[in-house]
Amino acid sequence: MSKTLICSCEDVTADDIRHAVSKGFCDVESVKRFTGFGTGICQGKGCLSAVAALLAKEKAQKPAGLLPFTPRPPEFPTELSLLASAPVDESQPPVGGVPQELSDFPPALRPEGPVPARAKVVIIGGGIMGLALAYNLSLRGETDVVVLERGYLCAGASGRNGGGVRMQWGTSANIELAKRSIALMGRFARDLGINVWLRQGGYLFMAKTKAVAERLERNVALHNKHGVPTRLLTVDEAREVVPGLSLKGAQAASYNPEDGVIFPWPFLWGYANACRKAGIKVETFTNVTGFELSDGLVRKVKTDRGDIACDTVVLATGAWSPEIAKLAGVQLPNEPHRHEILSTEPLKPFLSPLVSVLDSGLYFSQSMRGEIVGGMGDPKEPPGLNMGSTLRFVSRFSRALLEQMPQLGHVKVLRQWAGCYDVTPDNNPVLGRTPGLENLLQLSGFVGHGFMMAPAVAERMAQWMTTGESDELFTRFNLRRFQEGKLEREDMIIG
């Protein structure tokens, strides 16, 4: 049987594009994230025009909708060693960067017609949290649900993370949530019919200072208490896990072979498809503009495609949650912080675990396609919804990566991007009812790790919402704790 190949890098055919259209993914961005076209070594140079023409032929998208395709292939792919030599003033905060327009989508992308006039539950946010919750509600018989997403699916943090999933946390609550999430990821293909490429190659955390080494030692004991097989390693033992790793400056390391990485996009698509199949409305390119409130309840969610009367509203918009909550007069303590990330050209598989230097926030792993994917926190990064990409990040990351793996100096960077952590004062989420607005439920503040916590948190939240059974998760992490000072700080944050 012959096939018409559209993207030779990722083996995407014309039938794959048509299949995406039949699933309702009608704009170039969505089709890219559904099929993976344009994400290989040519970065869309060879396939974008063919996909655009095919979408036009299939009447999938009006011509204006073809314009905002965002892959920006480098004219001259550059080696990590050269990027590492770019000067950086570490004393100054990063500013600006190449902007990524995420707030102004072309009108052609907007669905025609109004949103449903009423729904029992409205979930604001079509990221992994919102969709996982909607899916879990459907499993419990609740399908009168509308999910609102202001852009395309995967436009926010869920489509911009490095895919790491780990059980190595600093509190019992997060360890148990992560254990359950990874167990659900392991059966995701069977339950939802899509491969998320879960690869449990472990996480190797490195500590450069005595204080961080002592933290790792404490956490190993806590992990073991919860049945997580984390081990504290010497530097020589860590080199046996990752041959070629310099471990420069390291005092100790911890390693859990059951941690891993997954591919974020199909993870989100799996939930979205299952929601639609259950009859849940997933309304993309739809902005929330306000709320109608009375008697301590949210009565309607107002959007730029009409109002939705509802019984319950869930706020699951990640770094945008404070902005949306403010429309209801609610003040959240969350702050958005930009985190940048990059990927390189593919290499033969050689790196099993995700490696992280906890002191600096450096992390990197190798994807199933062979790319080195990694990021690094910046202590000078100011709060704000900044999604721009900077040379400063590429230089700092390259320097830190080559310090640990100098043999990667010749590897070329293909692309970089940025997303926003949704940061809370104690590095734990904001969950449960909103004081003063009892039917406004909070589901935000996961500090860049909501992606890996979503399966377990959504499962428990759906159970809590549909049965009324008490669950300490939604009182422990309630918004009231910031007023009452009952904070439980999580210290295993990367970045």
Side-chain angles (χ1 to χ4, degrees), residues 123 127-140 142 157-158 161 163-203 219-220 222-230 254 256-264 266-268 270-271 274-275 314 316 318 354 427-432 441-467 469-478 488 490 492-494:
I123 299 173
I128 198 73
M129 275 294 168
L131 290 167
L133 176 62
Y135 166 71
N136 277 278
L137 287 171
S138 74
L139 292 182
R140 288 154 182 79
E142 184 53 77
S158 297
N161 65 83
V165 294
R166 59 180 163 102
M167 305 175 200
Q168 294 190 66
W169 289 91
T171 61
S172 295
N174 284 327
I175 293 168
E176 286 299 324
L177 286 174
K179 274 180 63 181
R180 178 60 181 164
S181 280
I182 293 174
L184 291 170
M185 290 170 190
R187 49 187 256 199
F188 198 84
R190 184 187 67 195
D191 292 347
L192 287 96
I194 189 166
N195 185 4
V196 294
W197 297 7
L198 173 64
R199 180 173 63 84
Q200 289 179 276
Y203 257 57
N219 287 342
V220 166
L222 184 63
H223 299 165
N224 295 165
K225 184 179 173 184
H226 286 271
V228 176
T230 307
S254 68
N256 171 30
E258 296 184 357
D259 295 335
V261 293
I262 69 171
F263 189 16
F267 194 40
L268 189 136
Y271 280 128
C275 287
V314 181
L354 185 148
N427 290 332
N428 274 309
V430 181
L431 301 174
L441 308 184
Q442 302 291 336
L443 183 57
S444 69
F446 286 90
V447 199
H449 304 98
F451 173 78
M452 70 176 81
M453 297 294 188
V457 172
E459 183 181 59
R460 286 176 64 168
M461 189 158 181
Q463 179 74 8
W464 175 68
M465 288 172 65
T466 54
T467 65
E469 297 171 0
S470 64
D471 185 328
E472 62 87 24
L473 191 67
F474 303 103
T475 50
R476 175 192 292 247
F477 295 128
N478 190 280
E488 180 184 0
E490 171 60 61
M492 285 291 284
I493 299 296
I494 301 176

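Keep in mind it's a predicted model, so treat the numbers as computed, not measured.
Counting only heavy atoms from C-beta outward, the side chains of E459 and L184 approach each other to under 4.5 Å. A heavy-atom distance below 4.5 Å is found between the side chains of V228 and K179. No side-chain heavy atom of M461 sits less than 4.5 Å from a side-chain heavy atom of N136. The shortest side-chain heavy-atom distance between H449 and R166 falls under the 4.5 Å cut-off. A heavy-atom distance below 4.5 Å is not found between the side chains of F477 and V457. Two residues are said to be in side-chain contact when any heavy atoms from C-beta on lie closer than 4.5 Å; N224 and P229 fail this criterion. Put simply, the side chain of F451 reaches to within 4.5 Å of the side chain of I262, judged on heavy atoms. Contact annotation: the side chain of P266 never approaches that of N195 to less than 4.5 Å [non-hydrogen atoms, C-beta and beyond].
Remark: E472 engages R460 in a salt bridge, criterion side-chain N to carboxylate O under 4.0 Å.
In summary, the side chains of E490 and N174 do present a donor paired with an acceptor at a separation below 3.5 Å, with no hydrogens or angles considered. Under the 3.5 Å distance criterion, with hydrogens and angles disregarded, no donor-acceptor pair is assigned to the side chains of Q463 and D471. Between the side chains of T171 and E488, no donor N or O sits under 3.5 Å from an acceptor N or O.
Annotation: ring-ring contact (aromatic ring centres under 6.0 Å, His included) contacts of Y271 (sequence neighbours excluded): Y135, F188, F267.
Here the CG atom belonging to D259 is positioned 6.5 Å from the OG1 atom belonging to T230, to the nearest 0.5 angstrom. Distance check, rounded to the nearest 0.5 Å: CD of Q200 to CG of N256 gives 8.5 Å. Atom NE2 of H226 is separated from atom CH2 of W169 by 14.0 Å, given to the nearest 0.5 angstrom. L131 contributes atom CG, which lies 8.0 Å from atom CD1 of I123 (distance to the nearest 0.5 angstrom). Once rounded to the nearest 0.5 Å, the distance linking CZ of F446 with CG of N428 reads 9.5 Å. From I494, atom CD1 reaches atom CG of L354 across 6.5 Å, with rounding to the nearest 0.5 Å.
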Worksheet item: side chain to side chain contact (heavy atoms under 4.5 Å, CB included) between L431 and L443: does it pass, once the steps are laid out?
Response: CA-CA 5 Å; L431 301 174; L443 183 57; 3.6 Å; yes

Discussion item. Please determine whether side chain to side chain contact (heavy atoms under 4.5 Å, CB included) holds for the pair E258 and I182, giving the CA-CA distance in whole Å, both sets of side-chain angles, and the decisive distance to 0.1 Å.
Written reply: CA-CA 9 Å; E258 296 184 357; I182 293 174; over 6 Å; no

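The two residues L222 and S172 have their closest heavy-atom pair at CD1-OG, 3.7 Å. Looking at every heavy atom in both residues, S158 comes nearest to P264 through O-CB, 3.5 Å. The two residues S254 and V220 come nearest to each other via the heavy atoms CB-CG2, 4.1 Å. The two residues A454 and M129 have their closest heavy-atom pair at CA-CE, 3.6 Å. M452 and G164 make their closest contact through CE-O, 3.1 Å (heavy atoms, listed as atom of the first residue, atom of the second, distance).
Just one of K225, M492, H223 meets the side-chain contact (heavy atoms from CB on, under 4.5 Å) condition when paired with I175; it is H223.
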